[in-house]
Colleague: 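Next up is a structure, given as structure tokens.
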Amino acid sequence: MSLLDASGPIEFAPGAWLLPNHASEQAADILAAIRECVRQAPLRHFMTPGNKPMSVLSSNCGDFGWVSDSKGYRYQATDPKSDKPWPDIPSILLNDATQVAEQAGYPEFLPNACLINVYKPGAKMGLHQDRDESDLNEPVVSYSFGLPARFIWAGQTRTGTKQRLPLNHGDVLVWGGPSRLNYHGIDKLVEGTHPLTQQTRVNLTLRKA
DNA sequence: TAGTTACA
DNA sequence: CGGA
């Protein structure tokens, strides 16, 4: 982190933290490792249970991957496209996520699932809960790389007051505890170009499945 | 409802 | 809301 990016962690809701620019130094290495994951398990548009395509492109690494199709949301150990195991979570990412979780008050976080979501301009993510994990005491750690986005943070229902947080390259979010089931999403991605990712936002979300 | 659209 |  350079002296110009000195803002520290921000607790924007109970147990929910934004770590601005936390991962910018490791970004190139993490993205290189994720590029290799995506070579082995290609990006695809998941279908929602209502059989509508998501606008983001997705893949996974880890012992389990989050998938969605007409049968619903779930974690599974193999890529439905290939029936092969997902690639390993890159160790640089796994180690950092554990450290980040500890900083936010969630010690001994050992994620076994990393969802890779790639946003092109126009892609978005509607308000949803992360609730397909078996142990909701474990937090969610989410990395943003490349193009900026606006994160929408709601309460335990979709309605009501929402916060909007800017997410820039290298920012990391952690939420758990009382905030673990809060609805959240991403506004439609605005056009732009980033030196490391071109016209792309890369989001990596680590969880214990 | 991790989806889209209509309309005030 | 409504298609699957």
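Every chain is numbered from 1, with letters handed out A, B, ... down the list of sequences. Side chains are part of it too, since the values below use all heavy atoms of this structure and drop only hydrogens, waters and symmetry mates.
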Colleague: Just the dot-bracket of DNA chain C, please: which string comes out with Watson-Crick or G-U pairs under 3.5 Å, [ ] for crossing, | for another strand?
Modeller: |...

Colleague: Once you round it to whole Å, what is the distance between C1' of dA4(C) and CE of Met47(A)?
Modeller: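 Rounded to whole Å, this separation is 10 Å.
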
Colleague: If you look only at pairs with a residue in residues 49-61 of chain A, which of them pass as a side chain to side chain donor-acceptor pair (under 3.5 Å), with sequence neighbours excluded?
Modeller: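 Pairs touching residues 49-61 of chain A that pass the test: Ser58(A)-Asn117(A).
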
Colleague: Only one of Leu173(A), Leu167(A), Asp96(A), Val202(A) passes side-chain contact (heavy atoms from CB on, under 4.5 Å) with Tyr143(A); say which it is.
Modeller: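 Filter result, single survivor: Asp96(A).
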
Colleague: My understanding is that only residues two or more places apart in sequence, or in another chain, count here; which of them pass ring-ring contact (aromatic ring centres under 6.0 Å, His included) with His128(A)?
Modeller: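 Once residues adjacent in sequence are excluded, the partners of His128(A) under the ring-ring contact (aromatic ring centres under 6.0 Å, His included) criterion are His184(A).
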
Colleague: To which residues is Leu110(A) joined in a hydrophobic cluster, defined by side-chain heavy-atom contacts under 4.5 Å among Ile, Leu, Val, Met, Phe, Trp and Tyr, whether direct or through other members?
Modeller: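 Members besides Leu110(A): none; it forms no cluster.
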
Colleague: Looking at DNA chain B, which of residues 132-165 of chain A put a heavy atom within less than 4.0 Å of it?
Modeller: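 When residues 132-165 of chain A is checked for heavy atoms under 4.0 Å from DNA chain B, the hits, listed by number, are Asp132(A), Arg158(A).
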
Colleague: Apart from Val190(A) itself, what residues make up its hydrophobic cluster when side-chain heavy atoms of I, L, V, M, F, W and Y under 4.5 Å apart count as a link, directly or indirectly?
Modeller: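 None; Val190(A) is a cluster of one.
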
Colleague: Can you list every pair that meets salt bridge (Lys or Arg N to Asp or Glu O under 4.0 Å) and has a residue in residues 75-88 of chain A, with sequence neighbours left out?
Modeller: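 As it turns out, the salt bridge (Lys or Arg N to Asp or Glu O under 4.0 Å) pairs with a partner in residues 75-88 of chain A, which skip direct neighbours, are Arg44(A)-Asp79(A).
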
Colleague: Base, sugar-phosphate or nothing for Ile186(A)? Non-hydrogen atoms, less than 4.0 Å.
Modeller: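 No contact.
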
Colleague: Per the salt bridge (Lys or Arg N to Asp or Glu O under 4.0 Å) rule, what does the pair list look like for residues 135-148 of chain A, sequence neighbours excluded?
Modeller: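 Counting only pairs at least two positions apart or across chains, no salt bridge (Lys or Arg N to Asp or Glu O under 4.0 Å) contact touches residues 135-148 of chain A.
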
Colleague: Under the rule for ring-ring contact (aromatic ring centres under 6.0 Å, His included), what residues qualify as partners of His194(A), not counting sequence neighbours?
Modeller: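 Residues passing ring-ring contact (aromatic ring centres under 6.0 Å, His included) with His194(A): His169(A).
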
Colleague: Verify the distance criterion only: is there a donor paired with an acceptor across the side chains of Gln198(A) and Thr193(A) at less than 3.5 Å?
Modeller: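 Absent: no donor and acceptor within the cut-off.
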
Colleague: Just to be sure I understand the rule, does Arg207(A) reach a base, reach only the sugar-phosphate, or reach nothing, if contact means heavy atoms closer than 4.0 Å?
Modeller: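 The answer is base, as Arg207(A) lies within the cut-off (heavy atoms under 4.0 Å) of a base atom.
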
Colleague: Taking N or O atoms only and anything under 3.5 Å, show me the protein contacts with nucleotides 4-8 of chain B, one pair per line.
Modeller:
unit_1: dT4(B); atom_1: OP2; unit_2: Lys124(A); atom_2: NZ; d: 2.4

Colleague: How would you list all residue pairs meeting salt bridge (Lys or Arg N to Asp or Glu O under 4.0 Å) that involve residues 102-130 of chain A, not counting sequence neighbours?
Modeller: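 Listed by first then second residue: Asp130(A)-Arg207(A).
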
Colleague: Atom CG of Leu127(A) and atom C1' of dG3(B): how far apart are they, to the nearest Å?
Modeller: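 Checked: the CG to C1' distance equals 12 Å.
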
Colleague: Could you give all pairs that pass the salt bridge (Lys or Arg N to Asp or Glu O under 4.0 Å) test and reach residues 185-195 of chain A, with sequence neighbours left out?
Modeller: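 Pairs touching residues 185-195 of chain A that pass the test: Arg150(A)-Asp187(A), Arg164(A)-Asp187(A).
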
Colleague: Could you check whether Thr48(A) gets within reach of a base, just the sugar-phosphate, or nothing at all, counting any heavy atom under 4.0 Å?
Modeller: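 The residue Thr48(A) makes sugar-phosphate contact but no base contact.
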
